[in-house]
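Written out below as structure tokens is the structure these notes cover.
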Amino acid sequence: MDYLETLNPSQRAAVTAPFGPVLVLAGPGSGKTRVLTYRIAYLIGVLGMRPFHIMAVTFTNKAAREMESRIAAVLGNQARGVTVGTFHAVCARILRREAEHLPFDANFAIADTDDQRRLVKSVLQELNLDPKRHSPNAMHAAISRLKNEGYFPEDFEPTSVGEERVRQIFDAYQKRLLASNLLDFDDLLLWTRYLLLHVPAARERYARRFQHLLVDEFQDTNMVQYDLVRLLGGHHRNIFVVGDADQSIYRWRGADYRNVSRFEKDFPDAQVVMLEQNYRSTQTILDAAMAVLAPLQGKHPKRLYTDRGRGEKIVVQRTYDDRQEARYVVETIATMIAGGQARPGDFAIMYRINAQSRVLEEAFLRAGLPYRLVGAQRFYGRREVKDVIAYLRLAHNPADEPSLMRVVGVPPRGIGTKTLATLRTVAQRAGLAPGTLLLHMAAAPADYQSAFGARAFKALLPFAQQLAQWYEASLSTPPVALMDMILQAVGYKAYITDDTEEGEDRWNNVEELRRLAARYEDEGLGAFLEEVALVSDQDTLKDDEDSPILLTLHAAKGLEFRYVFIVGLVEGVLPHSRSWEDHEEMAEERRLFYVGITRAKDRLFLTYPEERTWYGYSEPTEPSRFLDEIPHELLTGNDLERRKEAVAWAPARWEPEPAAEKVVQRFKAGDRIRHPRWGEGMIIGSRIRDGAEVVDVVFESVGLKRLDAALARLEKV
DNA sequence: GCATCGGATTTTTTT
DNA sequence: AATCCGATGC
């Protein structure tokens, strides 16, 4: 097999390991994805395993797709049928198939974060608890933590009054989920574990089916996921896990990197393979990474080495505020692209919290440079998108109460809190979910007339009839047709469009969702809804576009870029203030920074502002403690100068190009111009702001844009 | 039942 | 700054 020739000895040892438990400890950039894919190819191509018997669990759907195509590249058609997916996706598939053994229907929907919060809130209301004393967010976090540790409400034994309260809310929350035929993210894992524990026939069937298990990012599995691996693979023990405890960054989500050592203990005969050589970064970058990690290292500090050479120094750049910081990033990128040394897609800009993306986006927009923003929230978090999805979910699964509640007043149809309260009571008395009751009502209106006031009934009945019609249609109609039918019936377009640009945007988003739905002509509505529920942030990254990427440090895991900027390196942001008091959390911030650093192949830029905007106020900052830990000889940039000289009166902070004397207004309203990307357009306004000429241009191709005339290469025509 | 306004509250990270 | 929530008035 020629692909084996391309591996180093450790990689080959992992790929060709005999059956049985294997633990691969893989440092960043050590080729673990290759090892995983080749292992699968080896199992099939050399050892003759059937793809049907192999399951590989990845961290994102994107990684899963990539793995599938890479296996196919080695084996071709022979590889078809391997089960690849995230824990959540694989579990959802299993649960739908086995729903007869479980207290929900096969067409269950997946409750997103929003639904979960709504449910917790509504439970708090039901129990007459003051939301001031019991914050829904905190309650939900507590519930999720318990679930990640493997508890259903009935398994959890409270040891204090506070815990008893949590148990009570947990219990009601869980009942509400089931009444709506909903599972939350944690449930997908938890119910699968339940199935494997309590339905021996199912356990045997799946353990026999999946004779080889492979798990990526093992350090970020939680206890329930660990149990799943053991339940499925405990018998045949063909478990191949890959991980790096130093890249564990999801503790807050229940992940426990100690699963790595737990694995060694549970499978003492496991073959352990260390992948140490780094093929990604320069030695300078690796040295910085090691320095940041050093305080966490015990007796055997990790050694990262490469034969790529030292490479260039790391730039540490200090700016006046976050706007200047963003501008520094954009200008550096623009210069490097203009110099021909880099392509736009070579750059990534990473930050600790999503809110930081805003200033960056503005800077890119101003410069007229396209960018990509990674994050599912960006699209799926939009109100109009959620509305339409809620309609589809309701049609698919009328019992889905959060979706019903979301949709019932969109657009307003005379059904308010009072009517809904009655509906809920009537439904409860009939032992039905409110949505299900509406179906009954549509079928036999007369039976329900007396239960509601005349006015409420008059508002409710048409909606019930519509719902019945959609439900009927959902059974046979492809997603797009159903969507059109619903949008049409409720007059959604008119509802969200006014004559503003935002209205236009909203409708565009709906059309975008429609295009996504169109891909599910064959697979059907259920598949579409599941996909939508389980998209990860990374899944939203389009790799066919050549432009810089903005993403959180968390979302950067598993990716690599030639040039990496990590911005906002100040105390309170990285490390985040929430971690200040907790040793473990501080360690995780450190690992997060480490993950970010090790994404860089060629060059690393670390920046921080002396002032940041917070809740609309400006605040002075303190540089991140992590910066001080990187040895000076690895660094360059204005911050280093300052640290060396410590001369207070010679501020060396970065300032934008002193274009001051040059800033003459080149354009005026009415000028026709050409932009390299957007083609021809007309200037409708121009002014000088912050020493830059800002122009508003209407392009024939993309409409109105606001640009920095000095950066966007505009030509007069 | 619903639109509007003002005050409170929010931001960690995500399947 | 932006969103959410509750009170108010129609």
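Labels below follow one simple rule: chain letters A, B, ... track the order of the sequence lines, proteins then strands, and each chain is numbered from 1.
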*Could you write nucleotides 6-14 of chain B as a row of B, S and -, 5' to 3', where a protein heavy atom under 4.0 Å of any base atom gives B, of only sugar-phosphate atoms gives S, and otherwise -?*
---SBBBBB

_Taking A:N222's backbone N and O only, do any of them form a donor-acceptor pair with A:Q225's side chain (distance below 3.5 Å, no angle check)?_
yes

*asked:* Could you check whether any side-chain N or O of A:D539 sits under 3.5 Å from a backbone N or O of A:K62, counting only pairs where one atom can act as donor and the other as acceptor?
replied: yes

*Distance in angstrom units between A:R383 CZ and C:dT3 C1', rounded*: 11 Å

*Kindly say whether the aromatic ring centers of A:F218 and A:F263 come within a distance under 6.0 Å.*
yes

_Categorize A:T60 for me: base, sugar-phosphate, or nothing, with a 4.0 angstrom heavy-atom threshold over every strand shown._
nothing

*Please give, in whole Å, the distance from B:dT15 P to A:K557 NZ?*
11 Å

_Taking C:dC5 as the reference, what is the distance to B:dT12 when you measure between their C1' atoms (whole Å, please)?_
23 Å

*So what does A:T417 touch, heavy atoms closer than 4.0 Å: a base, only the sugar-phosphate, or nothing?*
sugar-phosphate

*asked:* For A:M223, run the side chain to side chain contact (heavy atoms under 4.5 Å, CB included) check against A:L189, A:N259, A:L228 and tell me which one passes.
replied: A:N259

*Do the two ring centres, one from A:W614 and one from A:Y617, sit under 6.0 Å apart?*
no

*salt bridge (charged side-chain N to carboxylate O under 4.0 Å, His left out) partners for A:D114, two or more places apart*: A:R118, A:K386, A:R406

_First of A:G414 and A:A533 reached from the 5' end of DNA chain B, by closest nucleotide_ = A:G414

*Calculate, to the nearest 0.5 Å, the distance between atoms CD and CD belonging to A:E622 and A:E610 respectively.*
11.0 Å

_Between P on C:dC5 and CD on A:Q125, what's the gap in Å once rounded to a whole number?_
10 Å

_A:V408 backbone acceptor or donor facing A:R413 side chain under 3.5 Å_ = yes

*Between A:R413 and A:A89, who's closer to the 5' end of DNA chain B by nearest nucleotide?*
A:R413

*asked:* Suppose you measure atom C1' in B:dT11 against the same atom in C:dG6; what distance do you get, rounded to whole Å?
replied: 23 Å

*Distance in angstrom units between A:K147 NZ and B:dT15 P, rounded*: 17 Å

*Hey, does A:F452 have a side-chain heavy atom less than 4.5 Å from the side chain of A:L461?*
no

*Mind checking salt bridge (charged side-chain N to carboxylate O under 4.0 Å, His left out) for A:R625 and listing every partner two or more places apart, or none if nothing turns up?*
A:E571

Nucleotide N/O to protein N/O under 3.5 Å, stretch nucleotides 8-10 of chain C:
none

*asked:* Give the residues of residues 183-197 of chain A touching DNA chain B, defined as any heavy atom closer than 4.0 Å, sorted by residue number.
replied: A:F185

*What pairs with A:E217 under salt bridge (charged side-chain N to carboxylate O under 4.0 Å, His left out), at least two apart in sequence or on another chain?*
A:K32, A:K557

